[in-house]
Amino acid sequence: DKSKILGFITTAGTLNSHTSVLARTKGIPSIIGVGESLKVEYDGKSVIIDGFTGKIYIEPDYTTLTKFRKKRDSNLNYRKNLEKLKGKENVTQSGQRIAVLANVANREDIESVLRSDAGGIGLYRTEFLFMENDTLPTEDQQYLEYKLAAEAMGSKPVSIRTVDMGSDKTIREIDEGKVRNPALGYRGIRLLLNDEDVFYTQIRAILRASIYGNLSILLPMVTSSEEVSRAKEIIEKVKDDLRSSKILFDEDINLGVMIETPAAVMISGELARQVDYFSIGTNDLTALTLGVDRMNPKVEELFDVEHPAIMKMIRIITNNAHLEEKPVAICGDAAADLGLTEYFIKVGIDGLSVEPQKVLSLRKKVREIR
């Protein structure tokens, strides 16, 4: 319950873990992986969490409290000034338009998207709907969640990623087995194609909700054209079943794939001919390209989304998609890095999807680019 938490500190983990990603999505200040410096004797003491610098202040004195209250007020004033950008277009000084979208994890985040004036939901992380239940969510439970998102966003796009289970996102009812590196194992689309009941149920829920807005289906962790073909076969089977039951759905619903593996980059031309759009997941793409475990603090410094290999891959993906006249967005953490915004626009990225709290600052950056 976000209303009951101001922030959190963990002894373990990394900035690139899904715990960190979820905290950023929900706008919760956090400091990850401080190790043994977080002591038991601090329990019950007053604490300042500076999420900007990663510093923690235990039992701060009056001077420190005053300093950080001013820092907090300054940040609130900055955010208040950004409110003036609501309703403005995301267009550069030279007239180039770019979609500024938001990432969400559940229905509570949708209100933040509406407040941020985002152009839609570029990534709906459905795995958190699965993780917060003791049992797998039913078709109707999922349908109501996706219907709410569709209705809330109206004509704006909502890209619903099919559940990306595996890695550090575990679900009680799914046995992934004991593996040494879950990031490279039974996860994403390969898990869904092996457990068709889960995939079938989710696709039915998405399709049923699709008549209430502008929904699309996004497939995670794709590594081959065959995976997309098999997924499309299942989607068509669901459509046939819905037609037989006289249940309405969007017959022209778009299908996209996440580009987050080096394999997907190399066959992005072929994939572009199979789907309607790409969404680049820079977090996993960086980890898998550089051979860096997102959960291992010992190699965290090697996780460099600005590595020349990643920048070149983004250019390759965009070129291949545009040759097939398909749009490309970035939904990983790199999308919110204002130092990279100009590069992304130069190489032709069509959209950037960020945490709701970062939509307006990204809009400001886009409008400043000359």
Side-chain angles (χ1 to χ4, degrees), residues 1-39 42-83 85 100 102-106 108-109 111-113 115-116 118 123 125 128 168-169 282-283 286-287 294-297 300-301 303-306 331-341 352-365:
D1 185 347
K2 187 184 170 185
S3 68
K4 296 179 181 178
I5 184 167
L6 293 173
F8 65 85
I9 306 164
T10 70
T11 57
T14 69
L15 288 174
N16 305 302
S17 68
H18 285 96
T19 298
S20 304
V21 170
L22 184 58
R24 288 193 285 274
T25 297
K26 294 186 172 294
I28 300 174
S30 59
I31 298 175
I32 308 294
V34 300
E36 295 181 2
S37 59
L38 186 63
K39 303 183 186 301
Y42 294 152
D43 189 30
K45 295 183 182 294
S46 298
V47 174
I48 291 175
I49 296 176
D50 185 353
F52 291 101
T53 64
K55 292 183 179 178
I56 304 162
Y57 299 81
I58 311 294
E59 294 284 30
D61 57 23
Y62 176 79
T63 302
T64 305
L65 275 171
T66 302
K67 172 186 172 184
F68 277 92
R69 283 179 178 138
K70 287 181 178 177
K71 185 172 183 176
R72 181 183 62 186
D73 290 344
S74 175
N75 183 54
L76 289 173
N77 286 333
Y78 170 75
R79 299 189 67 81
K80 189 175 180 181
N81 286 330
L82 287 176
E83 298 282 318
L85 291 173
V100 176
N103 300 331
V104 302
N106 52 29
E108 286 77 18
D109 296 335
E111 185 180 338
S112 299
V113 176
R115 283 200 305 268
S116 73
L123 176 64
R125 294 185 174 100
F128 295 105
D168 58 340
K169 296 171 288 185
T282 51
N283 295 1
T286 301
R294 290 174 60 176
M295 298 298 293
N296 188 340
E300 185 175 13
E301 290 185 1
F303 188 94
D304 179 16
V305 74
E306 297 186 42
C331 65
D333 279 347
D337 186 338
L338 301 184
L340 294 174
T341 307
L352 296 168
S353 193
V354 298
E355 295 82 9
Q357 295 79 12
K358 295 182 179 179
V359 165
L360 291 178
S361 57
L362 177 57
R363 176 173 294 168
K364 180 175 183 291
K365 177 64 178 179

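In this text the structure is predicted, and so the values were computed from the model without any measurement.
- Sorted by first and then second residue, the pairs that involve residues 44-73 and meet salt bridge (Lys or Arg N to Asp or Glu O under 4.0 Å), not counting sequence neighbours, are D50-K71.
- Residues passing the salt bridge (charged side-chain N to carboxylate O under 4.0 Å, His left out) test with D337: none are found, sequence neighbours excluded.
- Across all non-hydrogen atoms, the minimal contact from G332 to T282 is CA-OG1, 3.2 Å.
- A distance of 5.5 Å separates CG in L362 from CG in L352, rounded to the nearest 0.5 Å.
- The environment of CD in E111 is sparse: at most 12 heavy-atom neighbours from other residues, nucleotides or ligands sit within 6.0 Å.
- Residues satisfying the ring-ring contact (aromatic ring centres under 6.0 Å, His included) criterion with F8, sequence neighbours excluded, are absent altogether.
- In this structure S3 satisfies the side-chain hydrogen bond (donor to acceptor under 3.5 Å, both in side chains) test together with D1, sequence neighbours excluded.
- In this structure, CD1 on I48 lies 12.0 Å from CG on L6, to the nearest 0.5 angstrom.
- Nearest approach of L360 to L85, heavy atoms of both residues: O-CD1, 3.6 Å.
- Evaluation of the salt bridge (charged side-chain N to carboxylate O under 4.0 Å, His left out) rule for E306 yields no partner, not counting sequence neighbours.
- With sequence neighbours excluded, no residue forms a side-chain hydrogen bond (donor to acceptor under 3.5 Å, both in side chains) with T341.
- For R125, the side-chain hydrogen bond (donor to acceptor under 3.5 Å, both in side chains) partners at least two apart in sequence or on another chain are T25.
- Considering only heavy atoms from C-beta on, F52 comes within 4.5 Å of N75 through its side chain.
- Heavy atoms only, all atoms of each residue included: I32 and A12 are closest at CG2-O, 3.5 Å.
- Distance check, rounded to the nearest 0.5 Å: CG of D333 to CG of N103 gives 8.5 Å.
- For T63, there are no side-chain hydrogen bond (donor to acceptor under 3.5 Å, both in side chains) partners, not counting sequence neighbours.
- Partners of R79 under the salt bridge (charged side-chain N to carboxylate O under 4.0 Å, His left out) rule, at least two apart in sequence or in another chain, do not exist in this structure.
- Minimum interatomic distance between S353 and L123 (heavy atoms only, all atoms of both residues): OG-N, 3.8 Å.
- For the residue pair S20 and L15, the shortest heavy atom distance occurs at CB-O, 3.2 Å.
- Partners of S112 under the side chain to side chain contact (heavy atoms under 4.5 Å, CB included) rule, at least two apart in sequence or in another chain, are R115, P356, Q357.
- Looking only at side-chain heavy atoms (C-beta outward), V47 and I9 come within less than 4.5 Å of each other.
- Listed by first and then second residue, the ring-ring contact (aromatic ring centres under 6.0 Å, His included) pairs involving residues 61-80 are Y57-F68 (not counting sequence neighbours).
- A105 and D109 make their closest contact through N-OD2, 2.8 Å (heavy atoms, listed as atom of the first residue, atom of the second, distance).
- Within the model, atoms OG of S116 and NZ of K358 stand 13.0 Å from one another, a figure rounded to the nearest 0.5 Å.
- Taking the salt bridge (charged side-chain N to carboxylate O under 4.0 Å, His left out) definition, one finds that D304 meets it with nothing, sequence neighbours left out.
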